[in-house]
Amino acid sequence: PEYSFDSVLAGKQDAYITKFAADAKAYGGEVIIIPYSEFNGDWFPWGGTMGNNTPAKYKAAYQYLHKFFVTAPNVKFGWAVNADSVPDTAANQPELFYPGDAYVDIVGVDGFNSGKPTWMTFDQVFNDPITRLKVYNKPIYIFSIGSQEDTRKPAWITDGLSTQLAKYPEVKAVLWFNQNKEYNWLVNSSAASLAAFKSVLP
């Protein structure tokens, strides 16, 4: 609760945010900050349907954070939707939470093939969210991508990151979620998966 939207908007985290912004500016290299990622899911406290959260509070908190970084030109702000809204209700659609063009530099998506309940292709995971993100006319990043380990994973990687990705020229960057967490998302979850990944690197 001490890090809720209400707390941030009340200024209770100002000292920390101010120092973070100063440190980011001093670093000098490109920094991409993604406040409240996957907000259209129900697994983080900042989820749009969690507690007393609302789209208005989400947008206000995002915009509030942004103002601390206006003097740090090396810092860009990303807006990361989850590929699927959970729950998939009218009140939890990503468009309701967009903070505004003045506050967002990059739009993007986190998407995963867990194989549960069904194995999904790259296109099945990403086509809908990428299509919806195009309307903002911002660079599009896949901020997180992964597939759980399976004999089909190497083919998923080579097809997804070559043939399928080529269909989306709007996507300017892809970041692999390289963790063994809920599932083994690691790019080297098997020798074959790692070889497949290496084969599609530019």
Side-chain angles (χ1 to χ4, degrees), residues 32-50 58 76-98 104 106-136 138-202:
I32 300 174
I33 295 177
I34 309 172
Y36 312 120
S37 64
E38 300 180 12
F39 56 87
N40 57 322
D42 63 358
W43 41 87
F44 291 130
W46 56 82
T49 61
M50 304 298 288
Y58 167 90
K76 306 299 182 186
F77 267 64
W79 185 64
V81 307
N82 194 63
D84 296 310
S85 292
V86 181
D88 189 10
T89 61
N92 195 39
Q93 296 306 302
E95 291 79 5
L96 298 175
F97 296 84
Y98 185 62
V104 177
I106 302 161
V107 297
V109 55
D110 295 349
F112 299 88
N113 168 40
S114 68
K116 312 278 186 198
T118 59
W119 191 259
M120 298 179 70
T121 66
F122 177 98
D123 218 37
Q124 288 172 324
V125 174
F126 290 105
N127 181 67
D128 179 67
I130 290 174
T131 299
R132 295 169 74 167
L133 289 171
K134 288 180 185 179
V135 302
Y136 299 106
K138 301 277 187 179
I140 297 175
Y141 283 19
I142 295 178
F143 284 121
S144 287
I145 182 176
S147 174
Q148 86 140 306
E149 177 52 30
D150 185 278
T151 56
R152 296 167 287 181
K153 182 173 180 176
W156 192 92
I157 292 172
T158 53
D159 178 63
L161 297 184
S162 57
T163 304
Q164 301 306 320
L165 184 59
K167 299 177 181 178
Y168 303 97
E170 304 85 0
V171 175
K172 304 304 182 185
V174 177
L175 293 84
W176 190 274
F177 186 78
N178 205 44
Q179 292 192 37
N180 188 349
K181 199 180 171 192
E182 307 90 348
Y183 301 100
N184 191 347
W185 308 114
L186 291 170
V187 72
N188 59 333
S189 56
S190 71
S193 290
L194 180 59
F197 188 77
K198 288 180 176 180
S199 76
V200 297
L201 291 177

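Along the sequence shown, residues carry numbers from 1. All values derive from a computational prediction rather than experimental measurement.
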**Study point:** Tyr183 vs Ser189, side chain to side chain contact (heavy atoms under 4.5 Å, CB included): CA-CA, chis, key distance, verdict
**Key:** CA-CA 10 Å; Tyr183 301 100; Ser189 56; over 6 Å; no
Check your understanding: For the residue pair Trp79 and Phe39, is the inter-centroid distance of their aromatic rings smaller than 6.0 Å?
Key -> yes
Who passes ring pair (Phe, Tyr, Trp, His ring centres under 6.0 Å) against [X], sequence neighbours left out?
| X | result |
| --- | --- |
| Phe126 | Phe122 |
| Tyr168 | none |
| Phe44 | Trp46 |
| Phe197 | Trp176 |

Check your understanding: Run the side chain to side chain contact (heavy atoms under 4.5 Å, CB included) check on Val171 and Ile130 step by step: do they pass?
Key -> CA-CA 8 Å; Val171 175; Ile130 290 174; 3.8 Å; yes
Exercise for review: Output the distance between atom CD1 (Ile157) and atom CG (Leu161), rounded to the nearest 0.5 Å.
Suggested key: 7.0 Å
Practice item. To the nearest 0.5 angstrom, please state how far the OG atom of Ser144 sits from the CG atom of Asn178. Key: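 Here the interatomic distance stands at 11.0 Å.
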Point to revise | salt bridge (charged side-chain N to carboxylate O under 4.0 Å, His left out) involving Asp159 - partner list, sequence neighbours excluded | key: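 Partners of Asp159 under the salt bridge (charged side-chain N to carboxylate O under 4.0 Å, His left out) test: none.
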Point to revise | Pairing residues for Lys172 by the salt bridge (charged side-chain N to carboxylate O under 4.0 Å, His left out) criterion, not counting sequence neighbours | key: none
Practice item. Can you run down the salt bridge (charged side-chain N to carboxylate O under 4.0 Å, His left out) pairs that involve residues 89-98, sequence neighbours left out, and say none if there aren't any? Key: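 Listed once each, the pairs are Glu95-Arg132.
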Point to revise | Residue pairs fulfilling salt bridge (charged side-chain N to carboxylate O under 4.0 Å, His left out) with at least one residue in residues 174-190, sequence neighbours excluded | key: none
Practice item. Just jot down the side chain to side chain donor-acceptor pair (under 3.5 Å) partners of Asn184, sequence neighbours excluded, or say none. Key: none
Point to revise | Results of side chain to side chain donor-acceptor pair (under 3.5 Å) for Lys167 - residues two or more places apart only | key: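 For Lys167 the side chain to side chain donor-acceptor pair (under 3.5 Å) partners, ignoring immediate neighbours, are Gln164.
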**Study point:** Pairs touching residues 193-202 that satisfy side-chain hydrogen bond (donor to acceptor under 3.5 Å, both in side chains), sequence neighbours left out
**Key:** Glu149-Ser193, Ser190-Ser193
Point to revise | Evaluation steps, side chain to side chain contact (heavy atoms under 4.5 Å, CB included), between Trp43 and Asn82 | key: CA-CA 11 Å; Trp43 41 87; Asn82 194 63; 3.5 Å; yes
Practice item. Tell me yes or no: between the side chains of Gln148 and Trp185, is some donor less than 3.5 Å from an acceptor? Key: no
May I ask you to decide if [Y]'s main-chain N or O and [X]'s side chain share a donor-acceptor pair within less than 3.5 Å?
| X | Y | result |
| --- | --- | --- |
| Lys138 | Val104 | yes |
| Thr158 | Ala155 | yes |
| Asn113 | Met120 | yes |
| Lys134 | Glu170 | no |

Check your understanding: Going by heavy atoms in the side chains, are Leu175 and Ile142 under 4.5 Å from each other?
Key ->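 No, their side chains stay 4.5 Å or more apart.
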Point to revise | Student check: side-chain heavy atoms of Pro35 and Phe77 closer than 4.5 Å | key: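 Yes. Closest side-chain heavy atoms under 4.5 Å.
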Practice item. Please name all residues satisfying side-chain contact (heavy atoms from CB on, under 4.5 Å) with Thr49, sequence neighbours left out, ordered by chain then number. Key: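 Counting only residues at least two positions away or on another chain, Thr49 forms a side-chain contact (heavy atoms from CB on, under 4.5 Å) with Asp42, Pro87, Asn92.
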Can you give me the closest heavy-atom contact between [X] and [Y], atom names plus distance?
| X | Y | value |
| --- | --- | --- |
| Ala196 | Pro154 | CB-O, 3.4 Å |
| Val174 | Ile145 | CG1-CG2, 3.7 Å |
| Asn40 | Ser85 | ND2-OG, 3.1 Å |
| Pro94 | Val81 | CB-CG1, 3.8 Å |
| Gly146 | Trp156 | O-CH2, 3.9 Å |
| Asp110 | Ala80 | OD1-CB, 4.3 Å |

Check your understanding: Could you go step by step and tell me if Phe143 and Ile34 meet the side chain to side chain contact (heavy atoms under 4.5 Å, CB included) rule?
Key -> CA-CA 9 Å; Phe143 284 121; Ile34 309 172; 3.4 Å; yes
